[in-house]
Structures are given as structure tokens and as C-alpha cells.
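Order of listing sets the numbers, starting from 1, for every ligand and every atom in it.
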Amino acid sequence: MRISINKIILTIILGIATVVPIVAFSPHFASTEFEKMNALETQVLWGIDADNIYDNIKVLSKTPRVAGTAQENKAVAYIKKQFESYGYESEVQSFHFNSYTPPQTLTLSIKGYSQRLQPIAFEYSVNGDISGEIVAAGLGKMEDINKLDLKGKIALIQRGEITFADKISNATAKGAIGVIIYNQESDTINASLGDTTKTSVPAVFLTKEEGDDLISHLKKNPGSIGQLNIKGASFNQNTSHNVIAIKKPVKLNNSTNNIIVIGAHHDSVAGAPGANDDASGTAMTLELARVLRNISSDTEIRFVTFGAEELGLLGSSHYVESLSEDEKNRIVANFNLDMVGSKNAGNLILQTIDGKPNLVTDLSQEASEKLNGEPTPFNQGERSDHVSFAEAGIPAALFIHHPTEEWYHTPQDTIDKISKSKLQDVAEIVGLAILNQIVSENQSSK
Ligand code: BES
Ligand code: ZN
């Protein structure tokens, strides 16, 4: 904690002045800007200390924090303890998700066919050891398959037009016991069936060259028998967590009943310490919770760190699904802080899912204009937890620096790449944006 003479003087002034303009010196913004600040604004802006954010990032980014691992649990316990040290009650909301371990062995052989095949498993391919006649089944659409007899056979299907999972379920509906899908282009793809529950028969993927050659072999040798063996794939249920701290509203006459959610994801991808992605947003959420603690308002403020963002926004979508209709209607803004402190990334931008402004971008632009002389620009983006809120009709925006640092999602995303001045800047913009919203609400409800 920085304690300066200025802060001591400020504390004395704040003791006697409530919402009157004061003139003082601040290291973070020009004195002319500062003159326009009122006492609450200075309380928030002077309270935000990038050193605290930095120190929490340092603790959180000692290891990767993959959802469902002991390292995530450790981070969750630390975040909860920090919220509690600021005087909040903190709740851990746990949720389950399915994880998939790919097969250890995978073989596909065809009697009378000498080309060596190198099949790959789809993400979510199921195990099986089957043998049967291989039948070419076009693109695997119902109209391709309807006239075919696939009972007890292996369907050979070209990629394209419909999803892999739909091709497999169409073939299975006609009795196929296995499916081979081959590429129609020479690209390499990350082949996934999209969902853990979609398929029940073993399925593999081949290159375009392998598939084309197999098709011409079948033309010359109809009735060829294939053997497909997938071993060692497993589906497991796993648990991740959201950490929630709530700043309760102070009841005023005609209270608004509004809620603001400030959030960030605390999980990381495997192998990445995730100092910027997203220990930075997590630690900034903690610092805003600390600083806003003693600002009384009739708006409820929820500070939430989400688990399993990197696995598909799982924590935030679980959180939003767990809300009642009434709560969803009362949430007026979601501030999503994700990757907010890299030295090596570009400037701050806001992202909304439709690229249009909303209450969050309006408030933040007003705040950034006041602090930095220009409003933070915004554009369209759907790569983080604000999506879960926006899809439920809640005004939401992501705070991120653009372009992204080159070591995003790598082991190099470490504390030494974090910029305290970027942390201070983003936290002040968000802090001021929130303060202006809750102050204007207090006034409008009087
Ligand atoms: N922090 C990133 C999102 C991000 C990165 C947004 C760079 C804009 C620029 C986030 O943690 C992430 O990696 N998201 C995934 C998508 C998610 C749905 C799994 C991504 O972008 O690949
Ligand atoms: Zn992220």
C-alpha cells in the first residue's frame, strides 16, 4: 500500500467534504481533470492501487489454473479469502462439466487394401472394436443414406454441408456400427463432434488423399471389410467454480433495485500461468471490490470470478442460468475484465457482442474521456464471458487491450509482462464508470 502525505490530507478533506470539488495533486491524472472530481470520485480513484492488483496477479499466476484442477481450487480459495479480507461474505458456486480424454490407440485396416491409413480421432470419438463392410455414403445427408443398407456396416462419408455429428447420427439411424469421415479439402482441421453426448459409434477422420483413394478402391472392390479399433478414450465429469462477493445495496427512498456485475475469469489454459489471461482481470475485480466497499449506494454490486471460461464460457453461462428472471431484469451492466494488463499488447478497447454501444460502453467512454481526454473505442467481439450476459439481454462489454500480446495462451504469459500503469488506467476507468452510474441512480431515486 502506498501511503502518502497527499492521501492523509485527502482523508482529512473527505472527512469534512462529501460531494464538493476539491483541488489536490494526483499522480494519475492532470490537475485540471482532478479539479473537476468530486470527493467520491477521488475516494475511488485514489483508492485504486495498481500495486495491489499486481501483487494478486503475482500470487495467482504462480501456476496454470486449468478448470477442474487442484490449481484452480487453490486460486478459488485465495480469491474467496481476499474478498473476505475486505469485509465481504463470499460464496463459491460449483458446477459440473464433462471433460474428454482422447484415445491412446486407434487403428483402421481394410482387407485387401495395402495403403497405410493414419486415421485421427474426433474430439469426443467413443471407443469401439468393430468390423464390417465399408459403404460409401456420400455426404451422409439423409437423402444420401436413405436408399443404402448400412446395418452392421461402416459408413464412409465425405466432409461438408452438415456437421460431423449429424453425419454420424444419420448413419447410426440406418444401422451403421462405425463411421469414417474424410476431408474434402487438403486443410488440417481440429475435428470435433461438438458435444460429449452426440455419438454412440466409433468414428475417425481421414485426409482428402486417403479418402479419395479409399473411394476408388471400393469402386474396384465392393464389399471390402474394414476393421476399426478405438481404445482408451474416456469421458469424465469434472467440477469448476465461480467465486461471488456481493455488495449489498443501502435502501434509499424509491431505491432502483439495480444490480451491476463486475467479472473476470480466474481459470487459464493448460501450460499457461495466465498472468494477463486472466489473473489480471481477476485481481482487478478484487481491487474494485476493495475500493468500492465503503461507497454506499442503492445499487447492488456483484463481484464474480468465473471458472472454465477457457472451456467455452462455462462458469459465466452457469452463473447467468442460475439467476432468476427478476435478477436478470435487475442487472443493468456487466463489466468483463479479461486481459487488462499486458505491457506488450496495444491500447484498451471495449467489445460488445453486436459491436453496438450500450450502458457499459457509454459509462466507460464518459469515464475514459474524463480521465484521459478521449473515450475508449469499442468494436465487436464474442470471445469472453460478457457473451453469457449479453445473450441473456444484459448490457455487457469486454475490456481488453488490442492487439493481443504474442504470448497469449503460452507459458510466457507471466507476471514480468504486466504493466502497472495499464492496470491503473483500466481500473480507474471501470471504477469511475461504476461510480457515476450508482451516483446518478442515487440522485434519480431521491
Ligand atoms: N481472453 C481470451 C479472449 C480474447 C483473446 C479476446 C484475445 C480477444 C482477444 C479468452 O480467455 C479466450 O481465450 N477465449 C477463447 C474462446 C472461448 C469461448 C473458449 C478464444 O478466444 O479462443
Ligand atoms: Zn481470457
Give a yes or no on whether a salt bridge exists between [X] and [Y], defined as a side-chain N under 4.0 angstrom from a carboxylate O.
X: D51; Y: K420; answer: yes
X: E287; Y: R290; answer: yes
X: E91; Y: K80; answer: no
X: R65; Y: E310; answer: no
X: E161; Y: K141; answer: yes

What protein N/O/S atoms sit under 2.8 Å from the Zn ion (ligand 2), by chain and number?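 Correct list: H265 NE2, D277 OD1, D338 OD1, D338 OD2.
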
Do H265 and ligand 1 have an N or O pair less than 3.5 Å apart?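 Yes; at least one N/O pair falls below 3.5 Å.
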
Short N or O distance, Q351 and ligand 1, threshold 3.5 Å exclusive: no

For atom CD of Q380, is the number of surrounding heavy atoms from other residues, nucleotides or ligands below 6.0 Å larger than 12?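 Correct, the count exceeds 12.
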
For K328, I'd like to know if atom NZ has over 12 heavy atoms of other residues, nucleotides or ligands within 6.0 Å.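 For K328, atom NZ is crowded (more than 12 foreign heavy atoms under 6.0 Å).
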
Using 30° and 60° as the class boundaries, would you call the ring planes of F303 and Y88 parallel, tilted or perpendicular? perpendicular

Does the side chain of N183 come under 3.5 Å of the side chain of R159 through a donor N or O and an acceptor N or O?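 Their side chains do contain a donor-acceptor pair, which is all the 3.5 Å distance test asks for.
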
Distance-only polar pair, side chains of S368 and T376, donor-acceptor under 3.5 Å: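 Yes.
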
Around atom 15 (C) of ligand 1, find the nearest protein heavy atom and jot down its residue, atom name and distance. R383 O, 4.0 Å

Could you identify the single nearest non-hydrogen protein atom to atom 10 (C) of ligand 1 and state the distance to 0.1 Å?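 Result for atom 10 (C) of ligand 1: E309 OE2, 3.2 Å.
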
I'd like the name of whichever of N336, T404, D338 reaches closest to atom 2 (C) of ligand 1 through any heavy atom.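 Nearest heavy atom to atom 2 (C) of ligand 1 lies in D338.
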
Taking 4.0 angstrom as the limit and counting only heavy atoms of [X], give me the atoms of ligand 1 inside it, by number and element.
X: M339; result: 1 (N), 2 (C), 5 (C)
X: L313; result: 18 (C)
X: Y408; result: 2 (C), 5 (C), 12 (C), 13 (O), 20 (C), 21 (O), 22 (O)
X: D277; result: 1 (N), 2 (C), 11 (O)

Strictly under 4.0 Å, does any heavy atom of [X] approach an atom of ligand 1?
X: E382; value: no
X: I400; value: yes
X: H402; value: no

Using the side chain to side chain donor-acceptor pair (under 3.5 Å) rule, take E210 and T207 through it: C-alpha gap first, then chi angles, then the decisive distance, then the call. CA-CA 5 Å; E210 288 171 325; T207 63; 3.3 Å; yes

Using a 4.0 Å heavy-atom threshold (strictly under), name the region of H409 that reaches ligand 1: side chain, backbone, both or neither.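 Within the 4.0 Å criterion, H409 contacts ligand 1 through side-chain atoms alone.
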
Could you walk me through whether F205 and Y182 pass the ring pair (Phe, Tyr, Trp, His ring centres under 6.0 Å) test, one step at a time? CA-CA 6 Å; F205 191 62; Y182 62 99; 8.9 Å; no

